[in-house]
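Just so we're clear, the structure is a prediction, and the values are computed from it rather than from any experiment. Just follow the structure's listing: the first ligand is 1, and inside any ligand the first atom is 1. Because only heavy atoms are used, hydrogens play no part in the values below, and waters and symmetry mates are left out as well, while side chains stay in.
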Amino acid sequence: MPDLLSVYDFDKRDADAYLSEAAKMEALLAKGRPLRTLSGKIVANLFFEASTRTNFSFQSAAARLGATPIVFYSDKSSAQKGESFSDTIQMMDGYADCLVIRHPEPGMPSLAAEIAGHPVINAGDGGNQHPTQALIDIYTIKKLKGKIAGLNVTLMGDLKHARAMRSLLHLLAMYGASISLCSPSQLAMGPEVIARAKKEFGASIREASKPSFAGCDILYICRVQRERFADPDEALRMSSAFRLGIGALRAAPKGMAVLHPLPKLDELPKEFDSDARAKYFEQAKNAVPVRMAILKRCCLGK
Ligand code: NCD
């Protein structure tokens with residue numbers, strides 16, 4: 001059965017398959033009938049780092065498919081007694097049919113995939129990759145705008161440390177969006193991510209330190225990833241560098257949808273939540289059908 005470790009593991013055909021399966025799942029969910037697709041399977045979430053949406057939407061997705069979710073939290077387990085990562089993985093592999101892993105260190109889900117016999121899904125590894133979030137984001141954009149190719153998408157925030165942004169940039173390039181990156185230079189996107197998107201897809205990518213929303217179809221913003229800074233004071237200084245004011249948002253184009261992987265802190269004003277262009281809670285809800293599609297494919301291979 002396939003692992004899902006990085007956006008670099010799949011091509012557009014695979015991504016399309018996830019998106020169309022997710023749309024089917026959403027339609028089935030709307031009918032409200034229980035599904036038995038993964039009946040008898042056990043999906044283990046292994047979280048070595050904090051999570052709300054990813055953990056609970058994977059649990060919800062598993063339950064909606066008739067599977068039983070079980071959860072390992074590193075702060076409440078034998079990891080506290082010094083048990084090694086590889087022993088934990090080997091053991092949990094014996095308790096479940098699929099392992100969903102979040103870890104603060106890049107590469108740990110890939111290491112788990114070498115140890116485990118069952119498929120492994122990367123639910124975020126340090127500042128590296130968050131492939132399932134990027135699929136949710138692409139699904140949400142396509143649902144909102146009917147297409148991705150040719151859209152003007154601005155990615156704004158801590159592009160250096162945010163794994164969600166790194167994964168999303170690659171998928172946006174794969175689908176032919178025109179991409180603007182906006183961050184203070186200290187928090188710029190890794191040049192290797194940009195170079196790869198340009199090389200593989202001939203992507204149009206512009207970098208700016210100040211936002212300009214003229215012609216923008218999607219503004220995707222994320223918080224400063226404080227936990228990835230060596231110096232906490234630097235993280236605080238950076239947080240104030242791209243807080244968007246309500247005035248700038250009100251003046252932005254009427255058709256500009258605003259997305260955010262959440263949690264949001266103070267980069268967006270609370271008053272904006274009631275604006276019709278604020279689509280982040282809808283985006284968070286889309287996590288369930290998209291992760292249902294992912295679990296189905298990883299557990300059944302189709
Ligand atoms: C993101 C993450 O964990 O990378 N959250 C999420 O999965 N929805 C974004 C973040 O923590 O800022």
Report task. Kindly check if the number of other-residue, nucleotide or ligand heavy atoms within 6.0 Å of CD (Gln90) is above 12? Result -> no

Report summary line: Note: ligand 1 atoms sitting under 4.0 Å from heavy atoms of Gln225 are 10 (C), 12 (O)

Query raised in the report: For ligand 1, which atoms sit closer than 4.0 Å to a heavy atom of Arg102?
Result: 2 (C), 3 (O), 7 (O)

Requested in this report: Consider every N or O of Arg223 and every N or O of ligand 1, then say whether any pair is closer than 3.5 Å.
Outcome: yes

Query raised in the report: More than 12 non-hydrogen atoms from neighbouring residues, nucleotides or ligands closer than 6.0 Å to NZ on Lys142, yes or no?
Result: no

Query raised in the report: side-chain hydrogen bond (donor to acceptor under 3.5 Å, both in side chains) with Tyr73: which residues, sequence neighbours excluded?
Result: Asn55

Report task. Check whether any side-chain N or O of Arg102 sits under 3.5 Å from a backbone N or O of Thr54 as a donor-acceptor pair, and report yes or no. Result -> no

**Report entry** Residues Asn286 and Glu282: side-chain donor-acceptor under 3.5 angstrom
**Finding:** no

Query raised in the report: Gln133 heavy atoms, cut-off 4.0 Å: which ligand 1 atoms fall inside?
Result: 6 (C), 7 (O), 8 (N)

**Report entry** Identity and distance of the protein heavy atom lying nearest atom 3 (O) of ligand 1
**Finding:** Arg163 NH2, 2.9 Å

Query - atom 9 (C) of ligand 1 [closest protein heavy-atom partner, distance rounded to 0.1 Å] - result: Leu262 O, 3.6 Å

Query - Ligand-residue contact atoms, ligand 1 with Pro263, heavy atoms, under 4.0 Å - result: 10 (C), 11 (O)

Requested in this report: Among all protein heavy atoms, pick the one closest to atom 8 (N) of ligand 1 and tell me residue, atom and distance.
Outcome: Pro261 O, 2.9 Å

Query - Best match, Glu49, His130, Arg53: closest heavy atom to atom 7 (O) of ligand 1 - result: His130

Query raised in the report: Has Ala123 got any heavy atom lying under 4.0 angstrom from an atom of ligand 1?
Result: no

Report task. Just jot down the ligand 1 atoms closer than 4.0 angstrom to any heavy atom of Thr54, in number order. Result -> 6 (C), 7 (O)

Requested in this report: Using a strict 4.0 Å threshold on nitrogen-to-oxygen distance, state whether Arg166 and Glu192 make a salt bridge.
Outcome: yes

Query - Side chain Asp3, main chain Ala113, donor-acceptor under 3.5 Å - result: no

Requested in this report: Taking only Lys NZ, Arg NE, NH1 and NH2, and the carboxylate oxygens of Asp or Glu, determine whether Arg163 and Glu49 approach each other closer than 4.0 Å.
Outcome: yes

